[in-house]
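Input: a single structure, listed below in structure tokens.
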Amino acid sequence: MKLQQVRILGKPVHLVDMEQAVSYLRSQTSAGHKEFVLAMNPEKIMKAREDDQLSRIIEKKATLLIADGVGVVLAGKVRGLPPIPRVTGVGLFEELTAAAAEDGSSIFLYGAAEHVVERAAEVLKERYPQLTIAGIQHGYEKDEELVVSRIQEARPDYLFVALGSPAQEKWISRNLKRLPVKLAMGVGGTFDVLAGNVKRAPQWAQKWGVEWLYRFVKQPSRAKRMLNLPKFMWLVLFTRGNN
Ligand code: UDP
């Protein structure tokens with residue numbers, strides 16, 4: 001199945017809304033294709049401009065590139081591209097776990113601090129008592145082979161990796177071939193949100209697309225990373241062409 005895509009500063013993003021993303025993943029995985037979902041946002045686009053490995057993963061390895069950041073949607077508007085639907089990573093994670101609970105697919109949560117991933121699994125179990133959690137693994141285990149063998153033993157259908165970016169994308173790219181999963185997705189700080197460690201921005205901030213501002217106020221340590229946002233917008237506004 002071929003997805004339509006546009007390019008923002010040279011990097012591809014697929015034109016799918018949430019419903020299309022979920023149905024695409026369902027049909028691809030049931031046809032035996034291994035899917036690699038990657039959430040695109042301005043920060044990742046900026047990183048990929050300087051990180052060839054991340055750039056290659058985005059171009060060649062990921063099979064579904066969702067527009068996670070409102071900056072990506074805005075950039076598309078500024079450049080006069082076809083509308084880019086926003087599909088947040090947290091939102092797609094929630095849709096996929098709900099779908100898994102419904103159709104009996106199993107999931108594996110890998111990443112975040114031990115108490116966070118444990119709590120995230122509990123929250124999911126409370127939400128979907130019938131959900132099969134094939135395993136969990138915190139994100140501070142240095143022995144990659146050990147983590148891989150745990151996932152191989154657990155044989156989950158969906159693997160969610162929360163190591164932050166670009167570590168999670170690189171981890172998935174290195175290991176996906178030998179993992180018996182149908183789908184792998186990098187989910188950043190999603191387990192922290194689920195565990196109630198980091199609150200998701202309030203509704204108004206989500207609605208207006210300013211979750212980044214909320215996070216900036218709540219976690220000033222992210223300020224340096226956020227400098228990439230104005231740089232991204234500047235490039236979108238004042239440079240021409242794709243790059
Ligand atoms: N993390 C991890 N192992 C590491 C570094 C980070 O498991 O070696 C986890 C961290 O605990 C957090 C997530 O990765 O749960 C990164 O969250 P962040 O919000 O920074 O993700 P991003 O903004 O990159 O999507």
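Every heavy atom of this structure was used, including side-chain atoms; hydrogens, water molecules and symmetry mates were not. Numbering of ligands and ligand atoms starts at 1, following listing order. Owing to the predicted nature of the structure, the values given are computational and were not obtained by experimental measurement.
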For [atom], which protein heavy atom lies nearest, and how many Å away is it?
{"atom": "atom 12 (C) of ligand 1", "value": "D192 OD2, 3.3 Å"}
{"atom": "atom 9 (C) of ligand 1", "value": "A162 O, 3.5 Å"}
{"atom": "atom 19 (O) of ligand 1", "value": "R222 NH1, 3.3 Å"}
{"atom": "atom 18 (P) of ligand 1", "value": "G189 N, 3.9 Å"}
{"atom": "atom 13 (C) of ligand 1", "value": "G188 O, 3.6 Å"}
{"atom": "atom 1 (N) of ligand 1", "value": "Y140 OH, 3.2 Å"}
{"atom": "atom 22 (P) of ligand 1", "value": "R225 NH2, 3.7 Å"}
{"atom": "atom 3 (N) of ligand 1", "value": "G139 O, 2.8 Å"}

- [ ] Report yes if the side chains of Y24 and L64 come closer than 4.5 Å at any heavy-atom pair, otherwise no.
- [x]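 Yes. Closest side-chain heavy atoms under 4.5 Å.
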
Task: Note, I8 side chain near L81 side chain (heavy atom, < 4.5 Å) - done: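 In short, these two side chains touch, coming nearer than 4.5 Å.
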
Task: Side-chain donor-acceptor contact under 3.5 Å, E59 with S55 - done: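 No - no donor-acceptor pair under 3.5 Å links their side chains.
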
- [ ] Determine the sole option in K61, K60, Q168 for which the side chain to side chain donor-acceptor pair (under 3.5 Å) test with S173 is passed.
- [x]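 The side chain to side chain donor-acceptor pair (under 3.5 Å) with S173 is passed solely by K61 among K61, K60, Q168.
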
Open item on the list: Against T63, only a single residue in K34, E35, Q28, H33 fulfils side chain to side chain donor-acceptor pair (under 3.5 Å); can you say which?
Closed with: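 The option that passes is E35.
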
Open item on the list: Judged on heavy-atom distance to atom 7 (O) of ligand 1, which of S165, A112, A39, P166 sits nearest?
Closed with: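 Nearest option to atom 7 (O) of ligand 1, by heavy atoms: A112.
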
Open item on the list: Just to be sure I'm reading this right: ignoring hydrogens, which of L163, D68, V161 gets closest to atom 14 (O) of ligand 1? Compare them by their nearest heavy atoms.
Closed with: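 The nearest heavy atom belongs to L163.
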
Open item on the list: Between N41 (side chain only) and D68 (backbone N and O only), is there a donor and an acceptor less than 3.5 Å apart?
Closed with: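 Answer holds: no.
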
- [ ] Check if F191 has a non-hydrogen atom at a distance under 4.0 Å from any atom of ligand 1.
- [x]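 It does not, in that no heavy atom of F191 comes within the 4.0 Å cut-off of ligand 1.
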
Task: G111: numbered ligand 1 atoms lying under 4.0 Å from its heavy atoms - done: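 That gives atoms 7 (O) of ligand 1.
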
- [ ] Show which atoms of ligand 1 fall inside a sub-4.0 Å distance from at least one heavy-atom site of G164.
- [x]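 Selected atoms, number and element: 13 (C), 14 (O), 16 (C), 21 (O), 24 (O).
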
Task: For D143, salt bridge (Lys or Arg N to Asp or Glu O under 4.0 Å) partners two or more places apart - done: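 Counting only residues at least two positions away or on another chain, D143 forms no salt bridge (Lys or Arg N to Asp or Glu O under 4.0 Å).
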
Task: Qualifying salt bridge (charged side-chain N to carboxylate O under 4.0 Å, His left out) pairs, either residue in residues 103-115, two or more places apart - done: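 Salt bridge (charged side-chain N to carboxylate O under 4.0 Å, His left out) check on residues 103-115 returns R26-D103.
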
- [ ] Step through it carefully: locate the ring centre of F93, locate the ring centre of F160, and say whether they are under 6.0 Å apart.
- [x]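 Centroid distance F93-F160: below 6.0 Å, so yes.
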
